[in-house]
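The chains referred to below are lettered A, B, ... by the order of the sequence lines, with proteins before strands, and numbering in each begins at 1.
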Amino acid sequence: MLDVRRVRTEPDALKAGLARKGVAGEEVDQLAELDRRRRELSEQRDDLRARVKTLSKEVGGLRRAGEVEQAEALMAESRDLGAREKAVSADADVVAGELRELLLRIPNVPAAEAPDGAGEADNVVVRVEGFDPDAYGEHQRVPHWDVGAALGILDLGRGAKISGSMFPLYRGAGARLVRALTSWALDRHADAFEEIRPPSLVRTDAMVAAGQLPKFADDAYHLERDDLWAIPTAEVPLTSLASGEILAEADLPVRLTAATPCFRREAGAAGRDTRGLLRVHEFDKVEILAYATPEQAPAVHADLLARAESLLAELGLAYRVLDICTGDLGQSHARQFDLEVYAPGCDLWLEVSSVSWFTDYQARRADIRYRRAGDGGVEHVHTLNGSALAWPRIWAALVETGRRPDGTVVLPEVLAPWLGDTTVG
RNA sequence: GGAGGGAUGGCAGAGCGGCCGAUUGCGGAGGUCUUGAAAACCUCUGGGCGAGAGCCCCGCGGGUUCGAAUCCCGCUCCCUCCGCCA
C-alpha cells in the first residue's frame with residue numbers, strides 16, 4: 001500500500017506515476033479528500049478526549065478532597081463530552097476504514113526505469129540466451145503431454161480423475177524429476193539464503209500483506225470452514241514472516257528460500273493454455289525472497305534475477321528475459337523481469353519465473369520495518385522476490401528439449417545426484 | 001476435543017480503577033574516572049498519527065465507568081494436564 005502522506009507532499013508526482021499503470025487521477029483526489037476528512041475528525045476526537053482526561057483527573061482530586069458536589073458537576077460535564085467523543089470517534093473510524101480500503105486497492109507506483117506500455121505486447125525483450133530456432137530436430141517437436149504419456153512419467157488422466165483437470169500427476173522418473181529440481185535449486189541458493197519450510201495454508205492477513213487480497217480473491221483457494229487460504233506462492237508466507245517486526249539494518253538484506261506447493265484457481269484463464277502442464281492448479285516452486293534497505297534493493301533485485309537465470313543456463317534451456325511494461329506490471333510491483341523458457345515441442349515461450357521489486361508497498365501492508373544504523377530512525381524495508389524456479393513448465397521444456405530420435409529423453413547432468421540415471425525411457 | 005493457567009517496553013519482571021506510557025533488573029548508547037581496559041558512578045534508551053498543541057498503543061476487538069494495563073464479554077496465541085492422532 002502507498003504512503004498516504006505522498007498524497008499531501010507530492011500529489012502531482014504520485015498521479016503521474018499511477019497514471020503509468022492506468023490509475024485515474026480522480027482516485028488520487030479521492031484519497032486526498034478522505035485523508036483530509038480523516039485528519040479533521042481525528043483532531044476533533046483528540047480534543048474531546050483531552051478534555052475528558054483533564055476533567056477526570058480533576059474529579060479524582062475533588063473526590064479525594066471530599067468535594068462531592070463539585071465532583072458530581074464535573075462528572076456530568078465529562079459524561080456529555082464523552083458522548084460527543086463517541087459520535088465523532090465513530091465517524092473518524094468510518095472514514096479511516098474507507099481510506100484504508102481504497103489504499104489497499106490502489107497499486108504501487110512503477111519504477112522510473114520500468115518501460116511504458118499498455119499490456120503484455122509491450123513488454124521489452126532484454127536478451128535471449130541459448131536460442132537457435134534451427135537447432136531443434138523433428139524429434140524435439142513433440143509436446144510434453146505426448147512425451148510424458150508415452151514414457152509413463154506424466155499421467156494427466158489419473159490426476160484429473162482424482163482432483164479434476166489441471167491437477168497433474170507425475171509418476172516414476174517424472175515424479176523424481178520434480179523432486180530433483182527442488183533439491184538442486186534449494187542447494188544452489190544455500191550459499192546466501194536461509195531455507196524455510198513455511199505453512200501452505202495461511203490467514204487472511206498474510207494474503208492481504210502480500211497483495212493477493214482483496215483484489216485477487218477469486219484466484220485463490222479458500223478453506224471456508226477454517227478461514228484459511230491455500231498459498232498461491234511461497235511469497236505469501238515468506239513476506240509475512242517478519243510482519244509487525246522491526247529489523248536491524250545490520251541484518252539486511254535478509255534472504256530466504258522455500259520450496260512449497262502453489263495453488264491457483266486460474267479463474268480468469270479458463271480454457272486458455274490449458275494443455276498439459278502449461279497451466280495447472282497445483283504446482284511446486286522454489287522461491288527466493290529478500291528484505292532489503294532501499295539502497296540495497298537494486299543490487300538485490302539484480303542478484304535474484306542472476307540466480308534465476310543461472311539455473312536456466314545450467315539446465316541447458318533456451319530462455320529470454322522480459323522487462324515488464326507498466327501496463328502489465330502486477331499490482332504490488334514497481335519493477336519486474338519475467339523469464340521465459342523455450343519449449344520446442346509446443347513451440348512456445350513459457351513463463352517460469354517472475355523476479356520482482358515491490359519497494360515498500362508490501363512492507364507497508366505487512367508492517368515490516370528496519371532501524372537505520374546511523375540515526376536510529378525506523379522505516380519500511382523493501383521486499384523483493386523471484387521464482388527460482390516454477391517446475392511444471394521447466395519439466396515440460398526439459399522433456400521436449402531432451403527428447404532424442406528414439407523417443408527417449410536425456411535430462412541435465414546437474415540433476416544426476418538425485419536422478420541417478422539421466423536417461424528416461 | 002475437554003480442564004486449567006497465562007499474554008505488559010529488546011529481554012526478564014512489577015503494577016490489579018485515578019498521581020501509569022508504565023517501578024525495577026538485565027541488555028544497548030553516551031559520559032566521568034583510567035596509560036588502556038575492567039569495575040564503579042552519571043545520563044539516555046519503544047512505536048504510531050499530527051505543522052503543532054495534543055491524541056493513540058500494556059495480545060486483538062467490544063463493553064462498563066467521570067476515569068481502564070487494572071473490571072466484564074468475545075477472539076487469537078502460548079504453557080500444563082487429559083483424550084485423539086500422522
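When the C1' atom is compared between B/G10 and B/G5, the two are found 26 Å apart, to the nearest whole Å. The same atom, P, is picked in B/C19 and in B/C58; the two are 15 Å apart, to the nearest Å. When the C1' atom is compared between B/G61 and B/U24, the two are found 32 Å apart, to the nearest whole Å. Straight-line distance between the P atoms of B/G63 and B/U70: roughly 14 Å, to the nearest whole Å. Taking the C1' atom of each, B/U35 and B/A22 are spaced 44 Å apart, rounded to whole Å. A gap of 15 Å separates the P atoms of B/A29 and B/G46, to the nearest Å. As rounded to the nearest Å, B/G27 and B/G15 have C1' atoms that lie 22 Å from one another. Only the C1' atoms considered, B/C20 is 37 Å distant from B/C33, to the nearest whole Å.
Summary of the strand contacts: A/Asp93 and A/Val59 both lie near RNA chain B, and taking for each the nucleotide with the nearest heavy atom, the more 5' one is attributed to A/Asp93. Comparing A/Arg8 and A/Arg371 by the nucleotide of RNA chain B that holds the closest heavy atom to each, the one mapping nearer the 5' end is A/Arg371.
Ring orientation note: the planes of A/Tyr221 and A/His281 are nearly perpendicular, at an angle over 60° on the 30°/60° scale. Aromatic ring orientation, A/Tyr170 versus A/Trp395: tilted (interplanar angle from 30° to 60°).
A centroid separation of 6.0 Å or more is found between the aromatic rings of A/Trp349 and A/Tyr319.
Look at B/U34: it lacks any Watson-Crick or wobble partner with both distances under 3.5 angstrom. Across all strands shown, B/U43 forms a Watson-Crick or G-U wobble pair with B/A29, both key distances being under 3.5 Å. B/G17 is unpaired under the criterion used here, namely a Watson-Crick or G-U wobble arrangement in which both key atom distances are under 3.5 Å. Taking a pair to require two hydrogen-bonding distances under 3.5 Å in either a Watson-Crick or a G-U wobble arrangement, B/G52 remains unpaired. Applying the Watson-Crick and G-U wobble criteria (two distances, each under 3.5 Å), B/G61 pairs with B/C73. Under the Watson-Crick and G-U wobble criteria, each requiring two contacts below 3.5 Å, nucleotide B/C85 is left unpaired.
The number of heavy atoms from other shown groups lying within 6.0 Å of CZ (A/Arg372) is above 12.
With a 4.5 Å cut-off on side-chain heavy atoms, A/Cys325 and A/Asn123 count as touching.
Using a 4.0 Å cut-off between charged nitrogen and carboxylate oxygen, A/Asp91 and A/Arg37 do not count as a salt-bridge pair. In this structure, A/Asp12 does not pair ionically with A/Lys15, as no charged nitrogen and carboxylate oxygen lie closer than 4.0 Å.
Contact annotation for A/Arg51: no contact, since no heavy-atom pair falls under 4.0 Å across all strands. Base engagement by A/Glu43 is indicated by at least one non-hydrogen atom pair under 4.0 Å involving a base atom. Across all strands shown, A/Arg369 has heavy atoms under 4.0 Å from sugar-phosphate atoms exclusively, and none from any base. A/Ser78 comes within contact range of the sugar-phosphate backbone alone, with a heavy-atom separation under 4.0 Å but no base atom that close.
Residue pairs that meet the ring-ring contact (aromatic ring centres under 6.0 Å, His included) test with at least one member in residues 227-256 of chain A, sequence neighbours left out, are A/His222-A/Trp229.
Nucleotides of RNA chain B lying under 4.0 Å from heavy atoms of chain A occupy a range whose first and last members, 5' to 3', are B/G18 to B/C77.
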